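Since the structure comes first, as structure tokens, the remarks are kept for the end.
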Amino acid sequence: MKKNRIYIILFVVLAAAATILYLNKSNTTINKAQADFAVKDTASIDKIFMADRKGNTVVLERKSRSQWLVNNHFEARQDGINTLLTTVASMEVRSPVGKNLYNNTMKLLASNSTKVELYADGKLLKTFYVGHATMDNLGTFMYLEGSSVPFIMHIPGFNGYLTPRFFVSENGWRRRIIFAYEPALIKSVQVTDILQPDSGFIIQRQGDSVYTVTSASGAAVQPVSKEKTRSYIVNFKVVGYESIDEKDPKEVRDSILKVGPFKKLAIASVDGRVKEVLAYRRPIMENSMNKVDPEGNPLPYDKDNLYVMIQGDPTLYLCQYFTWDKLLKTPSYFKASGSTGK
């Protein structure tokens with residue numbers, strides 16, 4: 001918060017200086033440097049720092065050509081990074097802000113804007129402030145540090161404003177992935193059914209696309225379906241979550257954790273690492289899509305969504321059964337014949 005106050009003070013000082021320069025100008029001619037927001041060579045950008053007026057900050061750092069990290073901890077959403085870099089490269093000045101709007105625009109930028117710093121090789125390329133939309137929602141008020149006037153920015157051909165692309169939210173920038181395994185890198189998958197222990201199983205890799213399936217009791221599933229085991233393992237290539245349910249009150253979270261998980265998944269990779277995930281029933285919430293069964297009886301839990309928690313991470317991830325039902329099978333599912341399974 002202290003750091004954020006410094007940003008606000010610096011912005012006010014810069015704005016005051018810019019006001020004096022701008023209002024004392026004999027004409028409104030703006031040189032190119034004052035409107036040089038864009039960075040065409042986005043491949044050179046390796047760090048982006050953003051801060052809003054509420055004290056929230058986020059740091060996006062490039063680790064490789066195709067990988068960015070959020071706050072040096074989580075993998076970033078590549079689609080979000082691509083959109084941000086495209087915006088930085090493509091945005092252009094629509095017009096400088098006129099003198100009649102100058103004071104009000106600077107006040108709004110000082111109270112409600114996002115500071116953006118772009119870096120390359122550890123050096124600050126430029127700093128600008130992203131504000132609100134114009135009345136027609138086709139332009140965005142921005143101020144480039146060092147300029148004497150704010151500008152209305154836009155992307156030619158894009159019908160919208162740019163503010164939402166410069167969001168400051170760690171969870172919003174995170175890649176929405178729980179599992180991301182190449183099949184050949186999975187050594188074993190163990191599913192533990194906490195409510196019905198006999199429904200648990202373990203799949204172990206014996207060779208290239210060759211797996212054995214053993215029930216929780218230790219009995220081998222025979223005959224095992226090669227197609228089903230292979231397709232099951234492939235499911236772990238991309239398993240995501242829908243959102244992080246930050247709005248649920250603390251008592252809801254406490255209740256979910258008190259009831260406990262109904263399934264546990266443990267994925268062992270060939271390099272010896274193990275990732276454990278717990279699956280929790282989600283109670284019927286105000287925003288649940290289905291609250292009663294076809295006969296009108298109240299459902300015991302949300303049939304569309306569940307919560308997932310990764311070992312070592314206190315976050316509750318909201319997920320869909322549409323995706324997770326493919327992982328929460330029973331031993332009979334893997335039989336080659338004579339059983340349909342779940």
Side-chain angles (χ1 to χ4, degrees), residues 36-52 56-92 114-130 140 142 144-145 153-158 160-187 208 233-244 267-275 277 308 310 312-313 315 317 319 323:
D36 188 22
F37 286 84
V39 176
K40 299 298 182 183
D41 181 20
T42 57
S44 67
I45 298 175
D46 54 24
K47 179 181 175 182
I48 301 171
F49 169 82
M50 293 187 285
D52 64 19
N56 302 307
T57 63
V58 68
V59 178
L60 307 171
E61 291 184 271
R62 187 193 297 269
K63 294 303 177 182
S64 68
R65 184 178 179 182
S66 60
Q67 184 186 48
W68 287 67
L69 292 185
V70 183
N71 293 336
N72 201 36
H73 187 60
F74 298 106
E75 186 175 353
R77 288 170 43 212
Q78 195 58 47
D79 64 318
I81 293 293
N82 291 341
T83 298
L84 183 58
L85 293 178
T86 298
T87 302
V88 167
S90 306
M91 60 185 185
E92 296 180 3
T114 299
K115 179 178 183 179
V116 181
E117 294 178 350
L118 306 177
Y119 292 83
D121 295 326
K123 296 180 181 179
L124 179 64
L125 294 177
K126 58 188 61 186
T127 301
F128 55 86
Y129 299 81
V130 180
T140 307
M142 295 189 189
L144 181 65
E145 199 164 274
M153 304 294 293
H154 75 141
I155 294 178
F158 171 67
Y161 63 104
L162 308 178
T163 307
R165 302 185 179 195
F166 297 90
F167 60 91
V168 183
S169 166
E170 179 180 86
N171 289 336
W173 278 108
R174 289 175 58 177
R175 186 184 181 206
R176 296 178 182 178
I177 292 294
I178 301 293
F179 296 122
Y181 288 97
E182 287 297 327
L185 299 181
I186 295 178
K187 182 179 180 180
D208 188 19
I233 293 296
V234 170
N235 287 330
F236 289 93
K237 196 169 184 178
V238 179
V239 180
Y241 63 89
E242 184 175 346
S243 65
I244 295 175
I267 316 300
S269 51
V270 294
D271 61 7
R273 289 183 293 180
V274 177
K275 186 172 187 177
V277 165
V308 167
I310 302 171
D313 180 357
T315 307
Y317 298 94
C319 302
T323 297

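Predicted model, so just to flag it, every value in this text is computed and none were measured. One is the number of the first residue; the rest follow in order along the sequence.
- Distance CD/Q67 to CZ/R175: 9.0 Å, rounded to 0.5 Å.
- Looking at K126, its side chain does come within 3.5 Å of a backbone N or O of A38 through a donor-acceptor pair.
- Rounding to the nearest 0.5 Å places CG of L125 at 11.0 Å from CD of E117.
- Evaluation of the ring-ring contact (aromatic ring centres under 6.0 Å, His included) rule for Y119 yields no partner, not counting sequence neighbours.
- Taking the six-membered ring for Trp and the full ring otherwise, the centers of F74 and W173 sit at least 6.0 Å from each other.
- Once rounded to the nearest 0.5 Å, the distance linking CG of L60 with CH2 of W68 reads 6.5 Å.
- The OG1 atom of T127 lies 5.5 Å from the NZ atom of K115; values are rounded to the nearest 0.5 Å.
- When all heavy atoms of S64 and R62 are compared, the pair lying nearest together is O-CG, 3.1 Å.
- Considering all non-hydrogen atoms of both residues, V274 and A268 come closest at CG2-CB, 4.1 Å.
- A donor-acceptor contact shorter than 3.5 Å links the side chain of D271 to the backbone of R273.
- Other residues, nucleotides and ligands place more than 12 heavy atoms under 6.0 Å from the CG atom of D79.
- Within the 6.0 Å centre-distance limit, the rings of F179 and F236 are counted as a close aromatic pair.
- Residue F167 comes nearest to G172 through the heavy atom pair CE1-C, 3.6 Å, listed as atom of the first residue, atom of the second, then distance.
- Taking the side chain as every heavy atom from C-beta outward, K47 and V59 approach each other to under 4.5 Å.
- Here the side chains of M142 and Y129 are not in contact, with every heavy-atom distance at 4.5 Å or above.
- Counting only distance, with no hydrogens or angles, the side chain of N56 and the backbone of D52 share no donor-acceptor pair below 3.5 Å.
- Side-chain atoms of Y161 and M153, non-hydrogen and from C-beta on, never get closer than 4.5 Å to each other.
- Going from atom NE2 of H154 over to atom OG of S90 covers 11.0 Å, rounded to the nearest 0.5 Å.
- Side-chain contact between L85 and I48 is present, with heavy atoms from C-beta onward closer than 4.5 Å.
- Summarising the local packing, NZ of K63 is surrounded by more than 12 heavy atoms from other residues, nucleotides or ligands at distances under 6.0 Å.
- Counting all heavy atoms, side chain and backbone alike, V168 lies closest to V58 at CG1-N, 3.8 Å.
- In this structure, the separation between OG on S243 and CZ on R174 is 11.5 Å, given to the nearest 0.5 Å.
- In this model, a donor atom of one side chain and an acceptor atom of the other lie less than 3.5 Å apart for D313 and T315.
- I177 is not listed as a side-chain neighbour of E75, based on a closest heavy-atom distance of 4.5 Å or more.
- The shortest heavy-atom contact between V277 and I178 is CG2-CG2, 4.0 Å.
- Here the closest heavy-atom approach between residue V116 and residue L118 is recorded as CG1-CD2, 3.9 Å.
- Between the S44 side chain and the A120 main chain, no donor and acceptor come within less than 3.5 Å of each other.
- Side-chain contact between V270 and I186: absent, with no pair of heavy atoms (C-beta onward) separated by less than 4.5 Å.
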Take K123 and D121 through the salt bridge (Lys or Arg N to Asp or Glu O under 4.0 Å) test and state the conclusion after the steps.
-> CA-CA 6 Å; K123 296 180 181 179; D121 295 326; over 6 Å; no
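- In this structure, F128 and F37 have perpendicular ring planes: the angle between them is above 60°, well past the 30° mark.
- Side-chain contact check for E242 and Y317: no donor-acceptor pair (N or O, by modelled atom type) lies under 3.5 Å.
- Partners of T323 by side-chain hydrogen bond (donor to acceptor under 3.5 Å, both in side chains), not counting sequence neighbours: none found.
- Between the side chains of R165 and T87, at least one donor N or O lies within less than 3.5 Å of an accepting N or O.
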N171 vs S169, side chain to side chain donor-acceptor pair (under 3.5 Å): CA-CA, chis, key distance, verdict = CA-CA 5 Å; N171 289 336; S169 166; 5.6 Å; no
